[in-house]
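What follows is a set of notes on a single structure, which appears directly below.
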Amino acid sequence: MDPSGYEHLSPAEAIAYQEELRHKIQIQELTTPIKTIAGADISFDKDSDILYAGIVVFKYPEMTLIGTSTAISHTSFPYISGLLAFREVPALFNAWNNLYTKPDLLVLDGQGIAHERRMGIATHFGLLTNVPTIGSAKSRLYGKFEEPADKAFAQSPMYDKGELIGVALRSKEHCNPIYISPGHNISMQQSVDVIKNCIRGYRIPEPTRQAHYLVNKIRIENGESKTKQLGLFD
DNA sequence: GCGACAG
DNA sequence: ATCTTGTCGC
């Protein structure tokens, strides 16, 4: 199904689609070398249905900037816990198609398989584009875990009925942990290792941290240009 | 019925 | 996610 059609799905239909896609998920080691990595994120105004999507690509593991792409899209699918992909993936897909050179790996702001149906936004996007993905969320959605020690890089496994679905990682001392889980076409261990390599002094790993910065920037800029276009200062 | 609940 | 200044703590 083309993501442009997501907005016409009912929540029940979206859940049915997740159950259908989950059978295709591949959590296994990525054997091809990782030479480039990208971060993706979304931004929007409080009561607006316009989404600002952005992707930032870096050379890995140096993390030097290679390129960026953005897309401004409309959505009508509401935010529903567990169905985030249906709201944000269409916009991200547009930004993805604007990228000249696709990265070897993509980090999304949200869960991978640490989801009740293993279909977090990172997994969903990976299945859609066939690019290896990792989910790096700022808060927990699903899974049980013990609080990791308050020491940089301390980690604790996240489980769902005995199954390992993610890792709570203390990316920085005295900061709340981030929740890492593989999205598609990469292993749990590799996901955690890669994210650790992307931590550069902040709680949020560089790929999504920079993507967040980018989408906020274009959101503010777009708002200002519209104000001018409407001639509110005339 | 109650609590949880990515962005 | 976004609205927003100061403020507590390392």
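Reckoned from all heavy atoms, side chains included, excluding hydrogens, waters and symmetry mates. Order of the sequence lines fixes the chain letters, A, B, ..., with proteins taken first and strands second; residue numbering starts at 1 for each chain.
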note: A:Leu51, atom CG; C:dA1, atom C1'; distance rounded to Å ~ 10 Å

Check every strand shown and say whether A:His124 touches a base, only sugar-phosphate, or nothing at a heavy-atom separation below 4.0 Å. nothing

Closest to the side chain of A:Phe44, out of B:dA6, B:dG7, C:dT2, is B:dG7

note: A:Asp160, atom CG; B:dA6, atom C1'; distance rounded to Å ~ 16 Å

What contact category does A:Leu108 fall into here, base, sugar-phosphate, or nothing, at under 4.0 angstrom with non-hydrogen atoms? nothing

Inset, instruction - Give one of base, sugar-phosphate or nothing for A:Asp150, where a contact means two heavy atoms less than 4.0 Å apart. - result: nothing

Which of A:Asp109, A:Asn176, A:Thr208 passes side chain to side chain donor-acceptor pair (under 3.5 Å) with A:Lys138? It is A:Asp109

State yes or no: do A:Ile42 and A:Phe77 share one hydrophobic cluster built from I, L, V, M, F, W and Y residues joined by side-chain heavy-atom distances below 4.5 Å, directly or via other members? yes

TODO: Tell me whether the OP1 or OP2 atom of B:dA4 has a side-chain N or O from A:Ser81 closer than 4.0 Å.
DONE: no

Checking A:Glu147, A:Arg203, A:Gln155 against A:Arg170 for side chain to side chain contact (heavy atoms under 4.5 Å, CB included), the one that qualifies is A:Glu147

A:Asn222 atom CG is separated from C:dT2 atom P, nearest whole Å, by 14 Å

Under 4.0 Å between a Lys/Arg side-chain N and an Asp/Glu carboxylate O for A:Arg22 and A:Glu19?
yes

Side-chain atoms of A:Leu141 come closest, of C:dT2, B:dG7, B:dA6, to B:dA6

Distance below 4.0 Å between A:Tyr79 side-chain N/O and B:dA6 OP1 or OP2:
yes

For C:dA1, does either OP1 or OP2 sit under 4.0 Å from a side-chain N or O belonging to A:Asn216? no

Atom CZ of A:Phe86 and atom P of B:dG7 are separated, to the nearest Å, by 18 Å

Closest of B:dA6, B:dG7, C:dC10 to the A:His174 side chain is C:dC10

Exercise for the section: Name the nucleic acid region contacted by A:Gly82, choosing base, sugar-phosphate or nothing; use a 4.0 angstrom heavy-atom cut-off, strictly under. Expected result: base

Closest of B:dC5, C:dT2, B:dG7 to the A:Arg140 side chain is B:dC5

In whole angstroms, the gap separating P of B:dG7 from CE of A:Met119 amounts to 17 Å

Heavy-atom nearest nucleotide on DNA chain C taken for A:Asp41 and for A:Glu173; more 5' hit belongs to A:Asp41

From OH of A:Tyr142 across to P of B:dG7 the rounded distance in Å is 18 Å

Open item on the list: Does a side-chain N or O of A:His212 approach OP1 or OP2 of B:dG7 to a distance below 4.0 Å, or not?
Closed with: no

Out of C:dT2, B:dG7, B:dA4, minimum distance to the side chain of A:Arg219 belongs to C:dT2

Taking only the side-chain nitrogens and oxygens of A:Lys138, find out if one of them lies under 4.0 Å from OP1 or OP2 of B:dG7.
yes

- Item | Exam field: side chain A:Gln111 to backbone A:Ser139, donor-acceptor pair closer than 3.5 Å | yes

Here the distance between atom C1' of C:dA1 and atom CD of A:Glu88, to the nearest Å, is 8 Å

Under 4.0 Å from OP1 or OP2 of B:dG7: is there any side-chain N or O of A:Ser139 that close? yes

Side-chain contact check for A:Gln111: nearest option of C:dT2, B:dA6, B:dA4 is B:dA6

Separation of B:dC5 atom P from A:Tyr179 atom OH, nearest Å, is 10 Å

Determine, for A:Tyr52 and A:Arg219, whether the Lys NZ or Arg CZ falls below 6.0 Å from the six-membered ring centre while staying within 45 degrees of the axis. no

